[in-house]
Amino acid sequence: MTSKTRAKLRSLAAQTNSLFQIGKGGIEDEFLKGVSQALDKRELVKVSVLKTSPVSAKEALGILSENLKAEPIAATGNTLVLYRRSNADGVKHIEL
């Protein structure tokens with residue numbers, strides 16, 4: 001993925017609210033399942049990492065991108081952004 005593509009995805013994510021929060025429970029199987037379903041429907045997901053979380057935003061970005069086979073886009077402050085092209089029917093794809 002090129003830097004221009006990442007910049008475009010970051011700008012799209014800046015216009016949206018976080019869909020998920022990682023708290024003191026950390027990253028569990030149900031959380032991964034929810035984020036995966038959201039990626040199938042939206043392709044771009046923004047996640048907030050609370051101060052009580054056992055992992056930082058950068059660590060969470062690495063864990064999520066590896067487990068969900070998604071592209072890590074950004075980890076800024078306590079927020080991270082993931083992208084994964086969806087294969088689901090009826091999904092409006094993000095033009096890269």
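Along the sequence shown, the residues carry numbers beginning at 1. Both backbone and side-chain heavy atoms feed into the values below; hydrogens, waters and symmetry mates do not.
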Report yes if the side chains of Ile22 and Ile27 come closer than 4.5 Å at any heavy-atom pair, otherwise no. yes

Just to verify, what does Arg84 make a salt bridge (charged side-chain N to carboxylate O under 4.0 Å, His left out) with, not counting sequence neighbours? Asp40

Not counting sequence neighbours, which residues clear side-chain contact (heavy atoms from CB on, under 4.5 Å) with Ile94? List them please. Leu9, Leu12, Glu43, Leu44, Tyr83, Leu96

Would you indicate whether Arg42, at its atom CZ, is surrounded by more than 12 heavy atoms from other residues, nucleotides or ligands within a distance under 6.0 Å? no

Tell me which pairs pass salt bridge (Lys or Arg N to Asp or Glu O under 4.0 Å) where either residue lies in residues 46-63, with sequence neighbours left out. none

With Thr52, which residues qualify under side-chain contact (heavy atoms from CB on, under 4.5 Å), at least two apart? Lys24, Leu50

Pairs where residues 25-38 contributes a residue and the test salt bridge (Lys or Arg N to Asp or Glu O under 4.0 Å) is met, not counting sequence neighbours: none

Which residue pairs pass the ring-ring contact (aromatic ring centres under 6.0 Å, His included) test with at least one member in residues 1-39, sequence neighbours excluded? Phe20-Phe31

Residue list, side-chain hydrogen bond (donor to acceptor under 3.5 Å, both in side chains) with Thr5, at least two apart or on another chain: Thr2

Quick check: is Val81 connected to Met1 through a chain of hydrophobic side chains (ILVMFWY, heavy atoms under 4.5 Å apart)? yes

Please list all pairs passing the salt bridge (Lys or Arg N to Asp or Glu O under 4.0 Å) test where one or both residues lie in residues 85-96, with sequence neighbours left out. none

Return the minimal non-hydrogen interatomic distance between Ala74 and Arg10, and the atom names on each side. CB-CD, 3.6 Å

Show which residues join Val91 in its hydrophobic cluster (side-chain heavy-atom contacts under 4.5 Å, direct or indirect), or state none. none

Going by the rule side-chain hydrogen bond (donor to acceptor under 3.5 Å, both in side chains), which residues pair with Ser48 if we only count those two or more places apart in sequence or in a different chain? Ser18

Can you give each donor-acceptor pair under 3.5 Å made by side-chain atoms of residues 62-73, sequence neighbours left out, with the distance rounded to 0.1 Å?
from: Ser65; atom 1: OG; to: Leu61; atom 2: O; distance (Å): 2.9
from: Ser65; atom 1: OG; to: Gly62; atom 2: O; distance (Å): 3.2
from: Asn67; atom 1: ND2; to: Ile63; atom 2: O; distance (Å): 3.1

Got a sec, which residues hit side-chain contact (heavy atoms from CB on, under 4.5 Å) with Lys41, two or more places apart in sequence or on another chain? none

